[in-house]
Amino acid sequence: MAAETKTPVKHSPQGNRGGGGRSGGDARRDVSRDAPRSGGPAQPKPPAKPAEPKVIELPESISLRDLASKMNVSPINVIRELMQNGVMATINQQLDFDTAAIVASAFGWEARPIPIVVESQIPEEVVVTPAGKPVPAGKALTLKQRLLAKEQAENEGALKPRPPIVTVMGHVDHGKTSLLDAIRKTDVASAEAGGITQHIGAYMVEHQGRKVTFIDTPGHEAFTAMRARGAQVTDIAVLVVAADDGVMPQTREAISHARAAQVPIVVAINKIDKPNANPELVKKELSELGLVPDEWGGNTLFIPVSAKQRKGIEDLIEGILLVAESLDTIKANPNRKAVGTIIESHLSKSKGPMATVLVQNGTLSVGDAFVAGGVHGRVRAMFDFRGQSVKKAGPSVPVSITGLSEVPIAGDVFEVVQDERTARALAAQHQAKRERESGIQRATSLEQYFALAKASKAKKMFFIVKADNQGSLPPIIEQLQKLNASVNTEKGDDVRLEVIHQGTGDITESDVNLAIASGAVILGYEVGMDTAARRKAESNHVDVRLYDVIYNLLEDVELAMKGMLAPKIVEKVVGTAEVKQTFKIPKVGVIAGVRVTSGVALRNARARVMRGDQVLHTGAVASLKRLTEDVKEVRQGFECGVGIEGFEGFKPGDVIEFVTEEEQAR
């Protein structure tokens, strides 16, 4: 678990932050005492009646980042509010309910606790306090006990600066990999040690005595996929844009993914050595997307670099460190039990299950008992990013460990606990919870959005919009925004819709990853969807809606907001077949001789004839024969003859998809 603040924040309802002193009684007083009172003795000059505060439900403990997200404010503003009241906090730091409630009141929210439900399905559930002491199931901690546990685990004075954790993102051919290679070579210590000998998904470089940790991911898809599994590991995102190419579709996607994670962005303008490089055009295009250069009066740092010639690399690292210092929130307590995130995992033939852990708080040591999701163990051996054996790893340090009970899932939280018995109990609890939730659909469909809105639990509906061309996109976005003003729930509470990403072209796996992370519905107009994206959407229950009429798209969203959505028709590809040869039969027409390559060919299905990526024809299956007999279905690996209504232009190599439509009940 991430560290928590020691004391709640003192804040007056009027927002007056003057007077730095605070007493223990005032600092921990109930939020209701600070709320504006409707009654009481008459005042000489009664103030105007304040607007009723908005209500927000909070758990016993919540991270600063999640609290900011719930209030729809920047985490920087929340950090500033805490600092002005004498409390230093990091973006991933845990706040207890009382502290979070007082902070929320400063932004016009009234906090209410979410009732705690103790799950009784697991007979030997063990809860571990921040101090590392197990508490039997059903024994709830009092506020005083929680505060004492937090004080034992960590206090403000124990927080020390740690290296920032950086993810590099950008368009596929804009030089991200080359830039990462150039950054690696800049680290003199790595070069003297013979370079990086073992790739473990993350590495560190040193610049003038200060370190930076880089997470080496395949791209922003993996970045957001990890975030979708609950991992909040990145402090700063570096956006790589080629000076000779400018903003591309994946550049826009990377910006959306970084903003969804609420991390600051540093822009690296790469390939400045090329003759046709135009850095000013890059700045102009990015400023239109909200990333305004600091030299133009904005707050985004732009660094020109050449990964090929290794120019500007030190300036980039210096810029990253500058942003990290300006945040003043990248801190951790190295003297507590380690908490981190699983970056990578695999099964080694010689060492058994191995995992790359990025330590985010505390210090990890050989011999520590730990839990990571449904996996437990004791650290048997530990290696740094160069493959060298180490005994300890502090905050922001990536290490590869052995001693796991099995291979963990990337993105799971890694936490050191009291002993192996506690680790086993927690792992069993996590695994049981994961199994119970595995069949529960995420609330990312239009129908579920409305159900939540009626229960006053959803204030926003998030959408990702993809269209066939740039001309179609603005009218769709404009009309969707107009629905905000015209649609209310039955209770009169506004359900706001927000387009978190928009773009042209087919729906990709990256779009689905962003939908998983943000809980968004994907709307597609006159676009397709690749196979990988379709599979990922189905396995993660992401609602994807495809339209060829804008009116139908808008009507569905509007009806969803009003709770009157018609039954959803779901298209399912049940089988595919490859055309081997053709036959012309008198009075029947052209029949395709095919081999079923996957699934099953159905007589009562619709057939879609594909030639490469092009759809030639869609129609009903007119006939399906196996040898000389009419059959209802033919399974994978067998050959058959297929006739399709209204189509005879088969050629060997064509692919026939057999499609069924199912009505999805409410």
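Just so you know, these numbers come straight off a predicted model, no measurement behind them.
Taking both residues in full, the closest heavy atoms of Ile522 and Asp511 are given as CD1-O, 3.9 Å, listed atom of the first, atom of the second, then distance. Between Ala106 and Glu81, the shortest heavy-atom distance links the atoms CB-OE2, 3.6 Å. The nearest pair of heavy atoms linking Val359 to Ala338 is CG1-CB, 4.3 Å. Nearest heavy atom pair, residue Ala104 against residue Met71, reads CA-SD, 3.6 Å. Listed here is the closest heavy atom pair of Pro334 and Ala332: CD-O, 3.4 Å. The shortest heavy-atom contact between Ile464 and Ala515 is CD1-N, 3.6 Å.
With respect to the salt-bridge test (charged N to carboxylate O, under 4.0 angstrom), the residues Arg252 and Glu285 do not qualify. Ion pairing of Glu288 with Lys284 is present here, as a side-chain N (NZ or NE/NH1/NH2) and a carboxylate O approach within less than 4.0 Å. Asp273 has no carboxylate O lying under 4.0 Å from a charged side-chain N of Lys308, or vice versa, which leaves the two without a salt bridge.
Ser396 and Arg162 are linked by a side-chain donor-acceptor pair at a separation below 3.5 angstrom, with hydrogens and angles left out of the test. For the residue pair Asp66 and Ser69, no side-chain donor N or O sits within less than 3.5 Å of a side-chain acceptor on the partner. Lys160 and Asn333 form no side-chain donor-acceptor contact under 3.5 Å, judged by distance and modelled atom types alone. Under the 3.5 Å distance criterion, with hydrogens and angles disregarded, a donor-acceptor pair is assigned to the side chains of Thr234 and Thr167. Donor-acceptor pairing under 3.5 Å is recorded for the side chains of Lys392 and Ser365. A donor-acceptor contact closer than 3.5 angstrom links the side chains of His207 and Glu318. For the residue pair Arg80 and Asn77, a side-chain donor N or O sits within less than 3.5 Å of a side-chain acceptor on the partner.
Within the 4.5 Å cutoff, the side chain of Val357 has no heavy atoms near those of the Pro398 side chain. Contact check for Val512 versus Asn540: no side-chain heavy atoms found under the 4.5 Å cut-off. The side-chain heavy atoms of Leu514 and Ser256, taken from C-beta on, include a pair separated by under 4.5 Å. Inter-residue side-chain proximity for Val241 and Asn270 is flagged as unmet; no heavy-atom pair is nearer than 4.5 Å. Leu358 has its side chain within reach of Ile215: a pair of non-hydrogen atoms, C-beta onward, lies under 4.5 Å apart. For the pair Pro304 and Pro279, the minimum side-chain heavy-atom distance is 4.5 Å or more. Between Lys274 and Asp244, the closest side-chain pair of non-hydrogen atoms falls below 4.5 Å. Within the 4.5 Å cutoff, the side chain of Val375 has no heavy atoms near those of the Asp412 side chain.
Side-chain atoms of Ser287 come within 3.5 Å of backbone atoms of Lys283 as a donor-acceptor pair (strictly under, hydrogens ignored). Looking at His430, its side chain does come within 3.5 Å of a backbone N or O of Gly373 through a donor-acceptor pair. Put simply, the side chain of Thr422 never gets that close to the backbone of Val417: no donor and acceptor are under 3.5 Å apart. No donor-acceptor pair closer than 3.5 Å links the side chain of Asp235 to the backbone N or O of Ile330.
For the pair Lys337 and Phe370, the cation-pi criterion (under 6.0 Å, within 45° of the ring axis) is not fulfilled.
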Please assess Lys536 against Asn513 for the test side chain to side chain contact (heavy atoms under 4.5 Å, CB included), listing each intermediate value before the final yes or no.
-> CA-CA 8 Å; Lys536 190 151 201 171; Asn513 276 329; 3.0 Å; yes

Audit row: Phe414, Ile401, side chain to side chain contact (heavy atoms under 4.5 Å, CB included) steps and yes/no | CA-CA 12 Å; Phe414 176 95; Ile401 66 168; 3.6 Å; yes

Let me see the working for Leu286 and Val247 under side chain to side chain contact (heavy atoms under 4.5 Å, CB included), right down to the final yes or no.
-> CA-CA 7 Å; Leu286 287 176; Val247 173; 3.6 Å; yes

Given side chain to side chain contact (heavy atoms under 4.5 Å, CB included), test Leu239 with Thr251 step by step and report yes or no.
-> CA-CA 8 Å; Leu239 178 67; Thr251 311; 4.1 Å; yes

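Between Leu64 atom CG and Leu82 atom CG the span is 6.0 Å, to the nearest 0.5 Å. Taken from CG in Asn361 to NZ in Lys331, the straight-line distance is 13.0 Å, to the nearest 0.5 Å. Note: Ile265 CD1 to Ile236 CD1 = 11.5 Å, rounded to the nearest 0.5 Å. Here Lys211 contributes atom NZ and Leu321 contributes atom CG; the two are 12.5 Å apart, rounded to the nearest 0.5 Å. Note that CZ of Arg378 is 13.0 Å distant from OG of Ser405, once rounded to the nearest 0.5 Å. We find the OG-NZ distance between Ser178 and Lys271 to be 7.5 Å, quoted to the nearest 0.5 Å.
The number of heavy-atom neighbours closer than 6.0 Å to CG of Asp294, taken from other residues, nucleotides and ligands shown, is above 12.
Between Phe214 and Tyr203, the ring-plane angle classifies as parallel under the 30° and 60° cut-offs.
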